[in-house]
Amino acid sequence: DPNVVQVRVFNEGPFDGDEVLQVYIKWMSTKERMPRVQLVAFERVFIRSQQYVDISTAITPQSMAIWKDGIGFVIEPGFIQFYAGGQQPDQKVTVPSNILQGQFEIVGKQILSPH
């Protein structure tokens, strides 16, 4: 599935614990007013100390859609940057954390629900 984000998370700490994978998107090439970044998915997982877990979650079409008067919910064409990690991109942190990122292109406008 092209909308699936898969990451491997490692707990390098001395204790077992929960981690919340957060997936954000940022529109790179739209003329519409958009949030700076938008949370589109999250998954909470338990990870034992010194172990890793593979996490999969999806970026749904609904999470990329915007409301346009007279049309309804629309996915606009353009490039979207996505970020996956334990916090928002560009957030100041007190402990080390990696944010993975990638980019994809939406080709053509898609109307999800007509007005």
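Atom set for the values below is all heavy atoms of this structure, side chains included, hydrogens, waters and symmetry mates excluded.
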Within a strict 4.5 Å, meaning less than it, do heavy atoms of the Gln38 and Lys26 side chains meet? no
side-chain contact (heavy atoms from CB on, under 4.5 Å), that's the test. Do Val74 and Lys109 meet it? Break it down for me. CA-CA 7 Å; Val74 175; Lys109 181 185 290 190; 3.3 Å; yes
Compute whether any side-chain donor of one residue and acceptor of the other, for Gln22 and Tyr24, lie under 3.5 angstrom apart. yes
Taking the side chain from Ser56 and the backbone from Gln6, do they hold a donor-acceptor pair closer than 3.5 Å? no
If I take atom CD1 from residue Ile75 and atom CD1 from residue Ile106, how far apart are they, to the nearest 0.5 angstrom? 5.5 Å
Any side-chain heavy-atom pair from Phe15 and Ser49 closer than 4.5 angstrom? no
Answer whether the closest heavy-atom distance between the side chains of Trp27 and Pro35 falls below 4.5 Å. yes
According to a 4.5 Å side-chain heavy-atom criterion applied to Ile, Leu, Val, Met, Phe, Trp and Tyr, with indirect links allowed, do Phe10 and Val45 form part of one hydrophobic cluster? no
A side-chain contact here means heavy atoms from C-beta on lying under 4.5 Å apart; do Met34 and Ile66 qualify? yes
Just how far is it from atom CD of Gln50 to atom CG of Asn11, taken to the nearest 0.5 Å? 7.0 Å
For the hydrophobic clusters of this structure (ILVMFWY residues joined by side-chain heavy atoms under 4.5 Å, transitively), does one cluster hold both Val40 and Met28? no
Verify, without hydrogens or angle tests, whether Thr57 (side chain) and Ala41 (backbone) share a donor-acceptor contact under 3.5 angstrom. no
Same apolar cluster: Tyr52 and Leu21, side chain cutoff 4.5 Å: no
Does any non-hydrogen side-chain atom of Arg44 lie less than 4.5 Å from one of Glu19? no
Show your reasoning for whether salt bridge (charged side-chain N to carboxylate O under 4.0 Å, His left out) applies to Lys68 and Glu32. CA-CA 10 Å; Lys68 295 190 96 172; Glu32 302 294 330; 3.0 Å; yes
Describe, in one word, how the ring planes of Phe82 and Phe104 are oriented to each other, choosing from parallel (under 30°), tilted (30 to 60°) and perpendicular (over 60°). tilted
Testing the basics here: between Ile25 and Ser63, what is the closest heavy-atom pair and its distance to 0.1 Å? CD1-O, 3.9 Å
With rounding to the nearest 0.5 Å, note down the distance linking OH in Tyr83 to CD in Gln101. 5.5 Å
Side-chain heavy atoms of Ile111 within contact of Ile71, under 4.5 Å: yes
A side-chain contact here means heavy atoms from C-beta on lying under 4.5 Å apart; do Ile59 and Met64 qualify? yes
Reported CD-to-OG distance for the pair Glu76 and Ser29, which is rounded to 0.5 angstrom: 10.0 Å
Using every non-hydrogen atom in the two residues, find where Ala84 and Val7 come nearest and quote the distance to one decimal. CB-CG1, 4.1 Å
Within-4.5 Å side-chain heavy-atom neighbours: Ile47 and Val9: yes
Identify the heavy atoms of Leu112 and Ala65 that sit nearest to each other, and give their distance. CD1-CB, 3.5 Å
For residues Phe79 and Gln103, report the shortest heavy-atom separation together with the two atoms involved. CD2-NE2, 3.2 Å
Near Phe42 CZ, under 6.0 Å, is it more than 12 heavy atoms from other residues, nucleotides or ligands? no
